[in-house]
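In this text, all values refer to a predicted model and were calculated from it rather than measured experimentally.
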Amino acid sequence: MIFSLPLLAQNESPQLHGYIQTRFTTDFDNVNDFMIRRAKLWVDGKVPNIDNVSYKVQMVYRSIKDESLMLQDAFADIRLNDFSSLKVGRFVPDFMLQRMQPDYEISDIERASVISGLIHSSKSMARQIGVQLTYQPNYFPIHFSFGLFNANLESPGKNKDLNLLYTSHAQLNLIKKEDALLEAGISAAYRYANSITMNTIYDANELITGNDYRFGFECQLNYKNFGFQSEYVQANINKDRAWGYYASADYSFTEKIQATAGVEKFSDLITTTNDNAWYSVGLIYYFTGKTKLMADFKTQVSSPKNNYLSEIQYQIFFN
């Protein structure tokens, strides 16, 4: 949701939530695969006897990566006043529009490859440890955040030098009505990388040292049953440049049936990857407000033959 300060459960007693995404994937050539893409469980609520402090602790299981239950989020959210809040702990920094949208809400089965590729820490599920201030006044349609996080981690996650990661995200509502929304925004981030790997941008065994600047531009449009959003994101690391974009659209024919279409491209610095654009179409059926079935088909024009990928995902919330 655009322009809403992070509010967790309003009940002081802890609230338990969770959902499962079960997925079937095929490339029509080498692999058919069933997986638990995500099984998440989290508890949140307000701190007893403190009206302006809430918290969240979240765990996740993913059969395709960890095959174990792992901690994702652990943070406190402190409301300073009616238009600003302070988040402290382990969480996803406010950087890039689609990265800040919950995976269970977006109309695409998976986030765009450039969004997953240009996060700052793929090994910690895009999470960082730090502090972030969010400012969102009631009298002007703007959202702004600024964060400070560990920049260069060593096992088991302690910052190994004086450098920090600085992030910022600004969004402006150009139009906001009951049936229409037009939003534009920009993200920016900087850190000095000190002999660390960036396995979504470079080869996994390559150690990177130097200035790491990242920025992105975004737009989002919702009008009645139609939705559209797009981002361009770029990382300038020393003299290297990794970049990409996506554009996705959806249309709801009824309350239960939604069609999607999109294009995405990510140009990384890994010699073995194919950086050509992917094109996709999809369909979503909502059994209830908390249960949906998603299917999509993607193609990538390539040589000597095109690549294809199809996915079917069933998502259900526990409560």
Side-chain angles (χ1 to χ4, degrees), residues 1-11 15 17 19 44 46 51-52 54 56 77 79-85 87 92 94-109 111-112 115 132-145 168-187 216-232 245-264 280-294 296 315-317 319:
M1 180 178 296
I2 304 301
F3 297 128
S4 61
L5 288 174
L7 285 174
L8 302 176
Q10 295 303 304
N11 196 323
Q15 302 294 303
H17 312 272
Y19 65 93
D44 60 26
K46 294 187 68 175
D51 292 337
N52 66 323
S54 55
K56 179 179 180 181
D77 205 342
R79 180 173 285 277
L80 303 176
N81 47 47
D82 290 340
F83 48 84
S84 62
S85 67
K87 184 183 289 188
V92 179
D94 187 10
F95 177 74
M96 300 184 292
L97 170 63
Q98 196 185 60
R99 180 60 260 185
M100 299 311 300
Q101 296 169 327
D103 58 78
Y104 56 80
E105 287 187 354
I106 62 177
S107 58
D108 300 304
I109 285 184
R111 290 188 178 90
I115 302 300
Q132 179 176 281
L133 176 66
T134 299
Y135 177 75
Q136 189 173 298
N138 298 325
Y139 52 84
F140 193 73
I142 192 171
H143 165 104
F144 175 79
S145 69
S168 183
H169 190 190
Q171 297 170 306
L172 177 65
N173 276 337
L174 303 175
I175 299 175
K176 188 176 182 181
K177 299 181 179 179
E178 183 176 348
D179 62 351
L181 170 69
L182 178 60
E183 174 265 324
I186 183 172
S187 295
F217 302 99
E218 68 190 53
C219 67
Q220 183 178 30
L221 169 67
N222 292 309
Y223 180 68
K224 296 184 177 180
N225 295 338
F226 174 76
F228 173 84
Q229 75 178 47
S230 180
E231 289 184 79
Y232 173 88
Y245 62 84
Y246 74 87
S248 63
D250 59 74
Y251 184 82
S252 298
F253 294 98
T254 68
E255 290 185 355
K256 291 184 175 293
I257 300 175
Q258 185 179 47
T260 66
V263 57
E264 63 174 279
S280 66
V281 293
L283 195 65
I284 304 173
Y285 183 80
Y286 294 86
F287 296 95
T288 68
K290 296 182 178 181
T291 306
K292 65 181 178 180
L293 183 66
M294 309 175 71
D296 72 6
Q315 174 179 295
I316 182 170
F317 269 81
N319 53 2

Q | Check: I115 main-chain N/O paired with Q98 side-chain donor or acceptor under 3.5 Å | A | no

Q: For a side-chain hydrogen bond (donor to acceptor under 3.5 Å, both in side chains) with D94, tell me which candidate from R99, Q132, H143 qualifies.
A: H143

Q. Rounded to the nearest 0.5 Å, what separation is found between the CG atom of L182 and the CD atom of Q220?
A. 9.5 Å

Q. Under 6.0 Å from the OH atom of Y223, do we count more than 12 heavy atoms belonging to anything else shown?
A. no

Q.
Treating T134 as the side-chain partner and S84 as the backbone partner, does any N or O pair qualify as donor plus acceptor under 3.5 Å?
A. no

Q.
Looking at D179 and K224, would you say the former's side chain and the latter's main chain have a donor-acceptor pair under 3.5 Å?
A. no

Q | Side chains of D44 and H17 in contact at under 4.5 Å (non-hydrogen atoms) | A | yes

Q: Answer yes or no: is there a donor N or O on one side and an acceptor on the other, between the side chain of Q258 and the main chain of S107, under 3.5 Å?
A: no

Q: Could you walk me through whether L133 and L80 pass side-chain contact (heavy atoms from CB on, under 4.5 Å), step by step?
A: CA-CA 10 Å; L133 176 66; L80 303 176; 3.8 Å; yes

(Q) Would you say that F95 contacts H169 through its side chain, given a criterion of any heavy-atom pair below 4.5 Å between the two side chains? (A) no

Q.
To the closest 0.5 Å, what do you measure between CZ (F144) and CZ (F83)?
A. 14.5 Å

Q: Give, for atom CD1 of I186 and atom CE of M96, the distance between the pair rounded to the nearest 0.5 Å.
A: 14.0 Å

(Q) Minimum heavy-atom separation for L174 and A184, please, with both atom names. (A) CD1-CB, 4.3 Å

Q: Please tell me if the side chains of D296 and D108 come closer than 4.5 Å, counting only heavy atoms from C-beta onward.
A: no

(Q) In terms of relative ring orientation, are F226 and F228 parallel, tilted or perpendicular, with 30° and 60° separating the classes? (A) parallel

Q: State whether the number of non-hydrogen atoms from other residues, nucleotides or ligands found under 6.0 Å of K290 atom NZ is greater than 12.
A: no

Q. Taking Y246 as the fixed residue, which of E264, Q229, R111 is the one that meets the side-chain hydrogen bond (donor to acceptor under 3.5 Å, both in side chains) rule?
A. Q229

Q.
Minimum heavy-atom separation for M100 and V92, please, with both atom names.
A. CE-O, 3.9 Å

Q | Distance-only donor-acceptor check, side chains Y104 and Q315, under 3.5 Å | A | no

Q: Find the distance between CG (D77) and NZ (K87) and round it off to the nearest 0.5 Å.
A: 5.5 Å

Q | Heavy-atom closest pair, residues E218 and L97 | A | OE1-CB, 3.4 Å

Q) Quick one: does K176's side chain have a donor or acceptor within less than 3.5 Å of a partner on E183's backbone? A) no

Q: For the residue pair I257 and Y285, establish whether any side-chain heavy-atom pair is separated by less than 4.5 Å.
A: yes

Q. When rounded to the nearest 0.5 angstrom, what is the spacing between OG1 in T260 and CG in D250?
A. 7.5 Å

Q. Distance-only, no hydrogens or angles: does the S187 side chain make a donor-acceptor pair with backbone N or O of G216 under 3.5 Å?
A. no

Q) Is there a donor-acceptor contact under 3.5 Å from the side chain of S168 to the main chain of S145? A) yes

Q.
To the closest 0.5 Å, what do you measure between CD1 (I175) and CG (L221)?
A. 8.0 Å

